[in-house]
Student: 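Structure below; questions to follow.
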Amino acid sequence: MPELPEVETTRLGLQPHAEGHVIAAVTVRQPQLRWPVPDAIGHAVDQEVTRLERRGKWLIWRLSAGSLLWHLGMSGSFRVWHNPPAPGRHDHIDVIFDAGHVIRYTDPRRFGALLLGGSDPLAHPRLASLGPEPLGGDFSGQWLYRLGRGRRVAVKNFIMNAAVVVGVGNIYACEALFAAGIDPRRAAGRISLQRYQRLAEQIKATLGQAIEAGGTTLSDFTDSHGQPGYFAQKLSVYGREGQPCRACARPVRRIVQGQRSTFFCPRCQR
DNA sequence: AAAGACACCTGTCCGC
DNA sequence: TGCGGACAGGTGTCTT
């Protein structure tokens, strides 16, 4: 469920409950996530969380020694509890702090992951090959244009490739392409520098606005206090098959690319 | 090397 | 009301 804005919203919500606090215990009720949660996760006990960071859709918990690397997959979420209720079927992991509160990880589909990283978490194999942050200075239309040369893959799949740019998931890929007026089926190698500059701007704008709005609400996204985000009502094309394009009123189309739904306006997007 | 298919797993919704 | 099928925010791995 979470795309980058949802992960960033989660990070901001957890930060005051994690940074500066010492982990008293980690309870893993279900270790079978995307990869098995390592037994060595117990190394986190008695360590202080010094910083909570994000890289792409990974949450990085820097510890006094080492780090935790946490990914929410499709359906992961956290909640902070001061008096946690009995864990439910999908409440797989509790991080218990010495101050008494608990950060509980819930993930029905179990596509998420919790890994142990070293003192240089960005060097972990899962993070080392990630492309630039979309909201950072290394990401630009120039970058997309250069990387896209000679590529025949559809631009939508191209921008969802984490080696190209991290954090652009299915919703925001559709939204940014709409905002940039680019047909999602167009080959990555057949887009001008000028149009890539527009696309890069719109990726930044779309993600930035979603973060400000607290993440997208779909069926079940909530922040760390269980509150929904407020961006869903602003979506231009995602999930709007058959409904009128907000710009030209022609029906929004849905197609499938790389086994994922793509929503776009055939008139506004060329 | 690039691109596409498939895999992981559970829940929800829709049509019959 | 029940049942089967399609679909859902991600991404690593395998095959062409």
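Within every chain, numbering begins at 1; the chains are lettered A, B, ... in the order of the sequence lines, protein sequences first and strands thereafter. Just so it is clear, the structure is predicted and the values come from calculations on it, not from any experiment.
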Student: Measure CG/L33(A) against P/dG12(C) and give the value in whole Å, please.
Tutor: 15 Å
Student: Please check this pair: side chain of R253(A) against backbone of I255(A), looking for a donor-acceptor N/O pair closer than 3.5 Å.
Tutor: no
Student: Nearest whole angstrom, please: distance from the C1' of dG10(C) to the CD of E3(A).
Tutor: 9 Å
Student: May I ask you to decide if the ring planes of F78(A) and W70(A) are parallel, tilted or perpendicular, using 30° and 60° as cut-offs?
Tutor: perpendicular
Student: Using residues 150-159 of chain A as the side-chain source, report each donor-acceptor pair under 3.5 Å to any protein atom, sequence neighbours left out, with the distance given to one decimal.
Tutor:
| from | atom 1 | to | atom 2 | distance (Å) |
| --- | --- | --- | --- | --- |
| K156(A) | NZ | N170(A) | OD1 | 2.5 |
| K156(A) | NZ | S261(A) | O | 3.2 |
| K156(A) | NZ | T262(A) | OG1 | 2.9 |

Student: Do R79(A) and W81(A) meet the cation-pi criteria used here (NZ or CZ under 6.0 Å from the six-membered ring centre, within 45° of the axis)?
Tutor: yes
Student: Quick one: R260(A) CZ to dC8(B) P, roughly how many Å, whole number?
Tutor: 17 Å
Student: Mind checking ring-ring contact (aromatic ring centres under 6.0 Å, His included) for F263(A) and listing every partner two or more places apart, or none if nothing turns up?
Tutor: Y238(A)
Student: Treating Ile, Leu, Val, Met, Phe, Trp and Tyr as nodes and any side-chain heavy-atom pair under 4.5 angstrom as an edge, say whether V26(A) and I103(A) lie in one connected cluster.
Tutor: yes
Student: Classify the ring geometry between H21(A) and F97(A) as parallel (under 30°), tilted (30 to 60°) or perpendicular (over 60°).
Tutor: perpendicular
Student: Short question: side chain of T50(A), backbone of R62(A) - any donor-acceptor pair under 3.5 Å?
Tutor: yes
Student: Side-chain N or O of S261(A) less than 4.0 angstrom from OP1 or OP2 on dA8(C)?
Tutor: yes
Student: What is the distance, to the nearest angstrom, from the CZ atom on F158(A) to the P atom on dA3(B)?
Tutor: 9 Å
Student: When rounded to the nearest Å, what value does the distance between C1' atoms of dA3(B) and dG9(C) take?
Tutor: 23 Å
Student: Please produce a list of atom pairs where a protein N or O lies less than 3.5 Å from an N or O of nucleotides 5-7 of chain B.
Tutor:
| from | atom 1 | to | atom 2 | distance (Å) |
| --- | --- | --- | --- | --- |
| dA5(B) | OP2 | Q259(A) | OE1 | 2.9 |

Student: Specify whether H71(A) and W58(A) have parallel, tilted or perpendicular ring planes, treating 30° as the upper limit for parallel and 60° as the lower limit for perpendicular.
Tutor: perpendicular
Student: For residues 191-200 of chain A, run the donor-acceptor check on the side chains, cut-off 3.5 Å, and write out each pair with its distance to 0.1 Å, sequence neighbours left out.
Tutor:
| from | atom 1 | to | atom 2 | distance (Å) |
| --- | --- | --- | --- | --- |
| S192(A) | OG | R195(A) | N | 3.1 |
| R195(A) | NH2 | G181(A) | O | 2.9 |
| Y196(A) | OH | A188(A) | O | 2.6 |
| R198(A) | NH2 | A179(A) | O | 2.9 |

Student: Identify whether any heavy atom of R151(A) sits under 4.0 Å from a base atom; if not, whether one sits that close to sugar-phosphate; answer base, sugar-phosphate or nothing.
Tutor: sugar-phosphate
Student: Expected output check: what is the dot-bracket annotation of DNA chain B, where ( ) and [ ] are pairs inside the strand (brackets for crossing ones), | is paired with another strand, and pairs are Watson-Crick or G-U under 3.5 Å?
Tutor: .|||||||.|||||||
Student: In this structure, how many angstroms lie between the C1' atom of dG12(C) and the CG atom of N161(A), rounded?
Tutor: 12 Å
Student: Within 45 degrees of the ring normal and closer than 6.0 Å to the centroid, is that where the cationic atom of R126(A) sits relative to W35(A)?
Tutor: yes
Student: Specify the separation, in whole Å, of atom CZ of F78(A) and atom P of dG9(C).
Tutor: 20 Å
Student: When you check the phosphate oxygens OP1 and OP2 of dT11(C), does a side-chain N or O of H71(A) lie under 4.0 Å from one of them?
Tutor: yes
Student: Contact class for W58(A) (heavy atom, under 4.0 Å): base, sugar-phosphate, or nothing?
Tutor: nothing
Student: CE of M160(A) versus C1' of dG10(C): gap in Å, rounded?
Tutor: 8 Å
Student: Determine, for nucleotides 9-16 of chain B in 5'-to-3' order, which nucleotides have protein heavy atoms under 4.0 Å from the base (write B), from only the sugar-phosphate (write S), or from neither (write -).
Tutor: BBS-----
Student: Counting only side-chain nitrogens and oxygens, does Y172(A) get under 4.0 Å of the OP1 or OP2 atom of dG9(C)?
Tutor: no
Student: Rounded off to whole Å, could you give me the CG-to-C1' distance for the L130(A) and dG12(C) pair?
Tutor: 12 Å
Student: Quick check: on DNA chain C, is the nucleotide nearest R254(A) upstream (toward 5') of the one nearest R126(A), or the reverse? Name the residue that is more 5'.
Tutor: R254(A)
Student: Would you find more than 12 non-hydrogen atoms of other residues, nucleotides or ligands less than 6.0 Å from H124(A) atom NE2?
Tutor: yes
Student: On the nucleotide dT11(C), are OP1 or OP2 found under 4.0 Å from the side-chain N or O atoms that K57(A) carries?
Tutor: yes
